[in-house]
Protein chains: 2
Amino acid sequence: MNTADYELLSAKLKVLAHPERLRILDVLRREPECVCHLEALLGKPQPYISQQLRLLREAGVITDEKQGQNVFYHLSDAEVSAWLDVVLGPIDQSDFGANQREFIVACTCPKCAPTTVLLAA
Amino acid sequence: MNTADYELLSAKLKVLAHPERLRILDVLRREPECVCHLEALLGKPQPYISQQLRLLREAGVITDEKQGQNVFYHLSDAEVSAWLDVVLGPIDQSDFGANQREFIVACTCPKCAPTTVLLAA
DNA sequence: TTATTATATGCAAAAAGATAGATATGCAAT
DNA sequence: ATTGCATATCTATCTTTTTGCATATAATAA
């Protein structure tokens with residue numbers, strides 16, 4: 001390990017060392033989500049979410065993929081994925097509240113809409 | 001996981017997300033070291049080292065212990081220790097260069113002095 | 001085309017963090 | 001006590017990050 005190594009690692013760690021970004025990553029490590037979904041989930045203004053996503057994207061931690069009008073983001077860094085397992089604990093598949101999809105009534109993306117309808121009923 | 005959890009975790013991560021602190025922790029996770037040793041190792045002024053150590057100490061990551069004139073620091077947080085194993089990789093016992101003791105001729109603490117003598121010979 | 005929805009970008013103000021220097025404390029040997 | 005060494009603290013300054021807001025772009029719908 002030399003200075004450059006520590007700098008590289010700490011730069012990557014810095015990206016995770018933020019409550020909202022950590023939360024975003026906790027959602028994305030389960031499954032890809034669109035911006036509107038994260039917006040509803042975190043309760044923060046859209047530009048704010050986009051800004052955090054840009055940071056994560058530029059750090060190579062996540063990747064975006066356009067689907068229709070929506071942009072879905074997914075985790076794309078194996079190293080960070082491993083870190084998250086240790087920091088946040090392994091993903092609990094039985095934890096349906098994990099990405100809180102059932103509580104999201106504000107998100108109308110194609111992925112969320114069916115749930116929204118379900119809840120409205 | 002709620003907002004407070006993410007804030008707590010990210011605050012702890014933030015402490016690691018710094019090249020010099022990460023390096024200090026990489027040294028301390030192997031064995032306790034005194035300030036003068038870290039000073040020689042990092043090649044930074046003593047007040048700077050003390051400042052970073054204070055940050056780590058106040059975050060509960062390390063603990064100090066006075067031995068004669070020197071203050072030795074050791075890792076005291078099991079969670080962080082586990083994180084470091086993943087981020088920096090497990091400690092390689094055969095890696096004698098790990099804490100670079102053999103290269104430290106500037107440190108004269110009781111722990112280093114014998115080695116210094118050895119090198120001078 | 002025009003309107004609408006989803007997301008991105010740019011910019012300025014505010015907050016936080018880093019760096020450096022000077023000084024203080026505290027132990028230990030003389 | 002006094003000198004010397006190791007470490008800590010304080011203060012000021014400089015830089016970076018964070019945040020909030022206004023606006024731009026791009027795709028779709030009417």
Side-chain angles (χ1 to χ4, degrees), chain A residues 3 6-7 10-24 28 32-59 62-74 104 106-113 116, chain B residues 3 6-7 10-24 28 32-59 62-74 104 106-113 116:
Chain A
T3 304
Y6 291 114
E7 276 171 3
S10 64
K12 213 167 181 179
L13 276 170
K14 210 167 184 178
V15 167
L16 309 205
H18 182 289
E20 305 299 349
R21 287 198 293 269
L22 195 56
R23 187 171 196 173
I24 288 173
L28 295 186
E33 300 291 356
C34 67
V35 179
C36 67
H37 186 78
L38 295 168
E39 186 186 347
L41 210 47
L42 274 72
K44 295 267 180 180
Q46 175 271 317
Y48 180 86
I49 303 289
S50 273
Q51 249 172 164
Q52 303 304 346
L53 288 173
R54 164 155 64 163
L55 250 166
L56 291 166
R57 175 166 21 93
E58 286 177 350
I62 61 176
T63 303
D64 59 322
E65 202 175 327
K66 196 145 204 171
Q67 282 180 29
Q69 331 177 242
N70 302 301
V71 177
F72 282 78
Y73 281 90
H74 62 272
I104 301 304
C107 184
T108 53
C109 80
K111 203 171 170 187
C112 291
T116 307
Chain B
T3 304
Y6 291 114
E7 276 172 3
S10 63
K12 214 168 182 179
L13 277 170
K14 213 167 184 176
V15 167
L16 310 205
H18 182 289
E20 305 299 349
R21 288 198 294 270
L22 195 57
R23 186 171 196 172
I24 288 174
L28 296 186
E33 300 291 356
C34 67
V35 178
C36 68
H37 186 79
L38 295 167
E39 187 186 348
L41 209 48
L42 275 72
K44 296 267 179 179
Q46 176 270 319
Y48 179 85
I49 304 288
S50 272
Q51 238 169 184
Q52 302 306 344
L53 288 173
R54 164 155 66 159
L55 250 166
L56 290 165
R57 176 163 23 90
E58 286 176 351
I62 61 177
T63 303
D64 59 321
E65 201 175 328
K66 192 144 208 172
Q67 282 179 30
Q69 329 176 244
N70 303 300
V71 176
F72 282 78
Y73 280 89
H74 63 271
I104 302 306
C107 184
T108 53
C109 79
K111 203 171 170 186
C112 291
T116 307

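Only heavy atoms go into these numbers, but all of them, side chains included; no hydrogens, no water, no symmetry mates.
Each of A:Gly68 and A:Glu20 was assigned the nucleotide of DNA chain D with the nearest heavy atom; the assignment lying further toward the 5' end belongs to A:Glu20. Between B:Val71 and A:Lys44, it is B:Val71 whose nearest contact on DNA chain D lies nearer the 5' terminus.
Distance, B:Leu42 CG to C:dA20 C1': 17 Å, rounded to whole Å. Distance CD (B:Glu65) to P (C:dC27): 15 Å, rounded to an integer number of Å. Spacing between atom CZ of B:Arg54 and atom C1' of D:dA8 amounts to 8 Å, rounded to whole angstrom units. At whole-Å resolution of the value, CD in A:Gln69 and C1' in C:dA3 are 13 Å apart. The separation between B:Asp64 atom CG and D:dT7 atom C1' is 10 Å, rounded to whole Å. The CG atom of A:Asn70 sits 5 Å away from the P atom of C:dT7 (whole-angstrom rounding). Rounded to whole Å, the distance from CG on A:Leu38 to C1' on C:dA8 is 15 Å. Here the C1' atom of nucleotide C:dA8 and the CD atom of A:Glu58 are 11 Å apart, to the nearest Å.
For the atom pair B:Glu7 CD and A:Glu20 CD, the distance stands at 7.5 Å (nearest 0.5 Å). Atom CG of B:Leu41 sits about 11.0 Å away from atom SG of B:Cys36, to the nearest 0.5 Å.
Annotation: side-chain contact (heavy atoms from CB on, under 4.5 Å) contacts of B:Arg54 (sequence neighbours excluded): B:Arg57, B:Glu58.
Side-chain atoms of B:His74 and B:Ile62, non-hydrogen and from C-beta on, never get closer than 4.5 Å to each other. B:Asp64 is not listed as a side-chain neighbour of B:Phe72, based on a closest heavy-atom distance of 4.5 Å or more. When side chains are defined from C-beta on, B:Val71 does not count as touching B:Leu53, because their heavy atoms never get closer than 4.5 Å. Side chains of A:His18 and B:Lys14 form no contact here, defined as non-hydrogen atoms less than 4.5 Å apart.
The A:Leu55 side chain lies nearest to D:dT18 when the options are D:dT18, D:dT7, C:dA6. Proximity note for B:Arg57 (side chain, C-beta onward) versus C:dC27, D:dA8, C:dT7: the nearest is D:dA8. For B:Tyr73, whose side chain is taken as the heavy atoms from C-beta onward, the closest listed nucleotide among D:dT18, D:dA8, C:dT7 is D:dA8.
For residues 45-53 of chain B, proximity to DNA chain C is found at B:Pro47, B:Tyr48, B:Gln51, defined as any non-hydrogen atom under 4.0 angstrom from a strand atom.
Of the side-chain N and O atoms in A:His18, none sit less than 4.0 angstrom from OP1 or OP2 of C:dA16.
Looking at heavy-atom distances under 4.0 Å, B:Lys14 makes contact with sugar-phosphate atoms alone, never a base.
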